[in-house]
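For reference, the structure is listed below as structure tokens.
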Protein chains: 2
Amino acid sequence: MALSEEELFRAMADPTRRRILDLLAEHGTLSVSELSAHFPGLVTSGISKHLMALRAAGLVTATRQGRHQLYAIDAEAMSRAVAPWVARYEAYWTGALDRLKKAGQEE
Amino acid sequence: MALSEEELFRAMADPTRRRILDLLAEHGTLSVSELSAHFPGLVTSGISKHLMALRAAGLVTATRQGRHQLYAIDAEAMSRAVAPWVARYEAYWTGALDRLKKAGQEE
DNA sequence: GCAACGTCTTACCGTACGGTAATGCATTAC
DNA sequence: GTAATGCATTACCGTACGGTAAGACGTTGC
């Protein structure tokens with residue numbers, strides 16, 4: 001469940017998967033067919049494949065409910081994976097801003 | 001220079017490109033050959049290709065100095081692209097935590 | 001029981017992408 | 001001038017990946 005940076009960015013690389021995560025973030029929990037309804041250009045099995053990938057990467061969790069499979073974002077795992085990366089670059093950004101100001105261009 | 005979310009995540013998808021960005025974040029400015037030295041398993045032209053990709057995506061800037069090409073992170077463009085995405089999911093994470101604390105099932 | 005449904009799985013196909021090798025093009029060194 | 005350096009570009013190759021189609025599997029409903 002480590003959800004390495006590698007897995008995170010590989011999972012986020014595809015626009016369909018990002019859209020799925022957005023939908024899950026918005027609705028909290030959705031079944032495969034509900035998600036599928038938001039992708040008219042794609043077949044259900046394709047969505048299922050993406051979900052399996054997200055699940056393998058550890059970004060989402062799945063709970064069976066009858067014949068439906070309910071997916072939701074694993075918020076904890078995701079934030080754990082994102083946080084260090086954001087922190088690393090935030091440090092750089094502020095540093096870069098300082099350097100810019102020092103360099104003579106103040107805004 | 002918009003650096004869409006799509007371009008951002010496509011650029012971040014490759015581990016070599018992420019490593020390049022890390023190195024640039026750490027050293028501020030590096031030439032192609034200096035960067036290349038950090039990738040013993042790769043040929044220089046490969047690094048150059050990755051740099052061109054990062055440049056096309058708008059994550060780095062390049063300035064020629066003699067026969068060296070100096071690359072640096074375009075911190076402003078990068079933070080502009082990352083910020084909305086981080087904000088969107090940060091909102092979700094805190095929301096998810098609240099929902100967890102409530103532990104209520106009405107929704 | 002059986003049929004419909006929801007999802008997963010397994011081929012399979014096309015394409016996009018990371019990698020190398022070779023060449024070209026400036027710029028610096030001699 | 002010529003040679004060497006640093007980088008970009010092009011062509012090419014292998015593979016990984018997103019997509020579909022078809023079938024398997026469990027579940028619900030009759």
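Just so it is clear, the values below take in all heavy atoms, side chains as well, and ignore hydrogens, waters and symmetry mates.
For the pair B/Ser31 and B/Glu34, the tightest heavy-atom approach, listed with the atom from each and the gap, is N-OE1, 2.8 Å. The minimum heavy-atom distance between B/Thr44 and B/Ser36, with the atom names listed, is CA-OG, 3.4 Å. For the residue pair B/Thr29 and B/Ala72, the shortest heavy atom distance occurs at OG1-CB, 3.8 Å.
Below 30°, between 30° and 60°, or above 60°: for A/Trp85 and A/Phe9 the angle between ring planes is above 60°, a perpendicular geometry.
If you take CZ of B/Phe39 and P of D/dC7, they are 14 Å apart, rounded to a whole angstrom. Summarising the geometry, the separation between CZ on A/Arg18 and C1' on D/dC17 is reported as 15 Å, rounded to the nearest angstrom. Rounded to whole Å, the distance from CG on B/Leu51 to P on D/dA8 is 7 Å. Taking atom CG on B/Leu54 and atom P on C/dC17, their separation rounds to 14 Å, with Å as the unit. Rounded to whole Å, atom C1' of C/dC25 lies 14 Å from atom CE of B/Met52.
Taking 4.0 angstrom as the limit, A/Ser33 places a side-chain polar atom (N or O) nearer than this to OP1 or OP2 of C/dT7. Between A/Gln69 and C/dC8 there is a side-chain polar atom (N or O) within less than 4.0 angstrom of OP1 or OP2. Distances shorter than 4.0 Å separate some side-chain N or O of B/Ser31 from OP1 or OP2 on D/dC7. For A/Arg64, no side-chain nitrogen or oxygen approaches OP1 or OP2 of C/dG6 to under 4.0 Å. A sub-4.0 Å separation between OP1 or OP2 of C/dG6 and a side-chain N or O of A/Ser36 is absent. For the pair A/Ser48 and C/dC8, the criterion of a side-chain N or O lying under 4.0 Å from OP1 or OP2 is met. At least one side-chain nitrogen or oxygen of A/His68 sits closer than 4.0 Å to the OP1 or OP2 atom of C/dT7. Dashed line: the shortest gap from a side-chain N or O of A/Arg55 to OP1 or OP2 of C/dC8 is under 4.0 Å.
Ranking C/dT7, D/dG6, C/dG18 by closeness to the B/Arg17 side chain, first place goes to C/dG18. Distance from the side chain of B/Lys49 is smallest for D/dT9 among the nucleotides D/dG19, D/dG6, D/dT9. For A/His50, the side-chain atoms get nearest to D/dG18 when compared with the rest of C/dA21, D/dG18, C/dT9. When each of D/dA8, D/dG18, C/dG18 is scored by its nearest atom to the side-chain atoms of B/Asp14, the top-ranked nucleotide is C/dG18. Of the candidates C/dT27, C/dA21, C/dT7, C/dA21 carries the atom nearest the B/Ser45 side chain, counting heavy atoms from C-beta on. The nucleotide whose nearest atom lies closest to any side-chain atom of B/Val32 is, among D/dC7, C/dT7, D/dA22, D/dC7.
Comparing A/Gln65 and A/Val43 against DNA chain D, the residue whose closest nucleotide sits nearer the 5' end is A/Val43.
The side chain to side chain donor-acceptor pair (under 3.5 Å) contacts involving residues 50-67 of chain B comprise B/Arg17-B/His50, B/Arg55-B/Tyr71, where partners must be two or more places apart or lie in separate chains.
Residue A/Leu42 is classed as a sugar-phosphate contact, given heavy-atom separations below 4.0 Å to backbone atoms only. Among the heavy atoms of the strands lying under 4.0 Å from B/Tyr71 are primed sugar atoms or P, OP1, OP2 only; no base atom is included. A/Gly66 comes within 4.0 angstrom of sugar-phosphate atoms only, judged by non-hydrogen atoms across all strands, and of no base.
Distance alone, capped at 3.5 Å, is enough to place a donor-acceptor pair between the B/Ser79 side chain and the B/Ala75 backbone.
For C/dT7, the base has no donor-acceptor partner in the side chain of A/Arg67 [N/O atoms by modelled type, under 3.5 angstrom].
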